[in-house]
Colleague: 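Starting off with a structure, shown below.
Only this structure's heavy atoms are used, side chains among them; waters, hydrogens and symmetry mates stay out. Count residues from 1 along the sequence.
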Amino acid sequence: MATAAWRDMREPGVYRRYTRVAIALHWAIAALILYNLTSGLLGEWLPRGFFAFHISSGLTILALTIVRIGWRLTHKPPPMLPMRPWERWLAHGVHFLLYAAMLFVPWTGWVMISANPPAGSAGAAYAQAEQARAHPGEPVRQRSAPKIWGVATVPMIGPVADLGREPAGVAGQHAFHEQMEGVHEKLAWLLLLLLVLHIGGALKHQLVDGEPELARMGLGRRRA
């Protein structure tokens, strides 16, 4: 009965899908998240070059997620598939947390990038002097601002960067950077867990319940 009721809400002879824009955003974000989780969580076991686009990909995830949220708020998604009440609540909860994680994981990464003394500041000069003192004889690393896909320089979050503008703030900024690195990693593991729940739920509806879950997101043919 539930399946029949849901099918009554679709277009005649066609299972309702998400819009083409929503589908494109979904799979683009999914591909970028897969790359970022792999390069971030497994980075020490992978070639160093594999991490090269981690920052660019993360900031792109943040931007596309904001677009996706805006699209969802202005374009009503198709009705949910028939499911038990607890499954419906779980689906809503996982989706909400997924959106939150897709915002906060890259945002904390952006905060980490910004938590360095601004180039040319007294704090940057002090940090370089401290590095030279700690590692005598080694070349001092000159920090360059990362670029998004090699094109545009990543803008720093002003209040975070300004923490280390003066020498007195460099140590506190470094401690904040380390703290945010830990938060970033924990949120990444949470995002991975949410993805496992999300994918598991989709496969359960597709393979166990026999509902066209994947077709709603553009995979497979529509059923008449």
Colleague: Look only at the side chain of Trp110 and the backbone of Gly58, and say whether a donor-acceptor pair between them is shorter than 3.5 Å.
Modeller: no

Colleague: Looking only at heavy atoms, what is the nearest atom pair of Pro146 and Met156, with distance?
Modeller: CD-CE, 4.5 Å

Colleague: More than 12 foreign heavy atoms under 6.0 Å from NZ of Lys147: is that the case here?
Modeller: yes

Colleague: Out of curiosity, Arg84 CZ to Leu90 CG, how far, rounded to the nearest 0.5 Å?
Modeller: 12.5 Å

Colleague: Tell me if the CD atom of Glu185 is crowded by more than 12 foreign heavy atoms within 6.0 Å.
Modeller: no

Colleague: Ring-plane angle category for His92 and Trp89, please: parallel below 30°, perpendicular beyond 60°, tilted otherwise.
Modeller: perpendicular

Colleague: In Å and rounded to the nearest 0.5 Å, what is the CG to CG distance from Asn36 to Leu59?
Modeller: 9.0 Å

Colleague: For a quick test of reading the model, state the closest non-hydrogen atom pair linking Arg216 to Ile23 and the distance between them.
Modeller: O-CD1, 4.1 Å

Colleague: Under the side chain to side chain contact (heavy atoms under 4.5 Å, CB included) test against Leu192, which residue among Ile33, Leu41, Leu187, Val105 passes?
Modeller: Leu41

Colleague: Applying a strict under-4.5 Å side-chain criterion to I, L, V, M, F, W and Y, I'd like to know whether Trp27 and Ile66 cluster together.
Modeller: no

Colleague: If I compare all heavy atoms of Val111 with all of Val160, which pair ends up nearest, and what's the gap?
Modeller: O-CG1, 3.7 Å

Colleague: For the atom pair CG (Leu195) and CG (Leu190), what is the distance rounded to the nearest 0.5 Å?
Modeller: 9.5 Å

Colleague: What's the separation between atom CD in Gln173 and atom CE in Met180, rounded to the nearest 0.5 Å?
Modeller: 12.5 Å

Colleague: So which heavy atom on Gly123 is nearest to which on Pro117, and how close?
Modeller: C-CB, 3.6 Å

Colleague: Tell me whether Glu166 contacts the main-chain N or O of Ala122 through its side chain, where contact means a donor paired with an acceptor under 3.5 Å.
Modeller: no

Colleague: Same cluster or not: are Leu34 and Leu37 linked, directly or through other Ile, Leu, Val, Met, Phe, Trp or Tyr residues, by side-chain heavy atoms under 4.5 angstrom apart?
Modeller: no

Colleague: Are Val196 and Met102 co-members of a hydrophobic cluster defined by side-chain heavy atoms under 4.5 Å apart?
Modeller: no

Colleague: Is the ring pair His54/Phe51 parallel, tilted or perpendicular, if the boundaries are 30 and 60 degrees?
Modeller: parallel

Colleague: Assess whether side chain to side chain contact (heavy atoms under 4.5 Å, CB included) is satisfied between Leu98 and Leu191, documenting all intermediate values.
Modeller: CA-CA 7 Å; Leu98 263 176; Leu191 176 56; 3.7 Å; yes

Colleague: Restricting to non-hydrogen atoms, name the atom on Ala28 and the atom on Leu64 that form the minimum distance, rounded to 0.1 Å.
Modeller: CB-CD1, 4.2 Å

Colleague: Would Trp189 end up clustered with Leu193 when hydrophobic side chains under 4.5 Å apart are linked, directly or stepwise?
Modeller: no

Colleague: Indicate the ring-plane relationship of Tyr35 and Phe50, choosing parallel, tilted or perpendicular according to the 30° and 60° boundaries.
Modeller: tilted

Colleague: Which pair of non-hydrogen atoms, one from Arg165 and one from Pro118, has the smallest distance, and what is that distance?
Modeller: NH2-CG, 3.6 Å

Colleague: Would the distance check show the side chain of His75 and the main-chain N or O of Trp71 forming a donor-acceptor pair, the cut-off being under 3.5 Å?
Modeller: yes

Colleague: Just how far is it from atom OH of Tyr18 to atom CZ of Arg72, taken to the nearest 0.5 Å?
Modeller: 5.0 Å

Colleague: How about His26: does its NE2 atom have over 12 heavy atoms from other parts shown lying under 6.0 Å from it?
Modeller: yes

Colleague: In Å, rounded to the nearest 0.5 Å, how long is the span from CD of Glu178 to CE of Met112?
Modeller: 8.0 Å

Colleague: Between His95 (side chain) and Ala91 (backbone), is there a donor-acceptor pair under 3.5 Å?
Modeller: yes

Colleague: Check whether Ile29 and Leu73 end up in the same hydrophobic cluster, where Ile, Leu, Val, Met, Phe, Trp and Tyr are linked by side-chain heavy atoms less than 4.5 Å apart.
Modeller: yes

Colleague: Could you check whether atom OH of Tyr99 has more than 12 heavy atoms from other residues, nucleotides or ligands sitting under 6.0 Å from it?
Modeller: yes

Colleague: As a quick check of understanding, evaluate side chain to side chain contact (heavy atoms under 4.5 Å, CB included) for Ile148 and Ile55, giving each step before the final call.
Modeller: CA-CA 7 Å; Ile148 303 175; Ile55 293 173; 5.9 Å; no

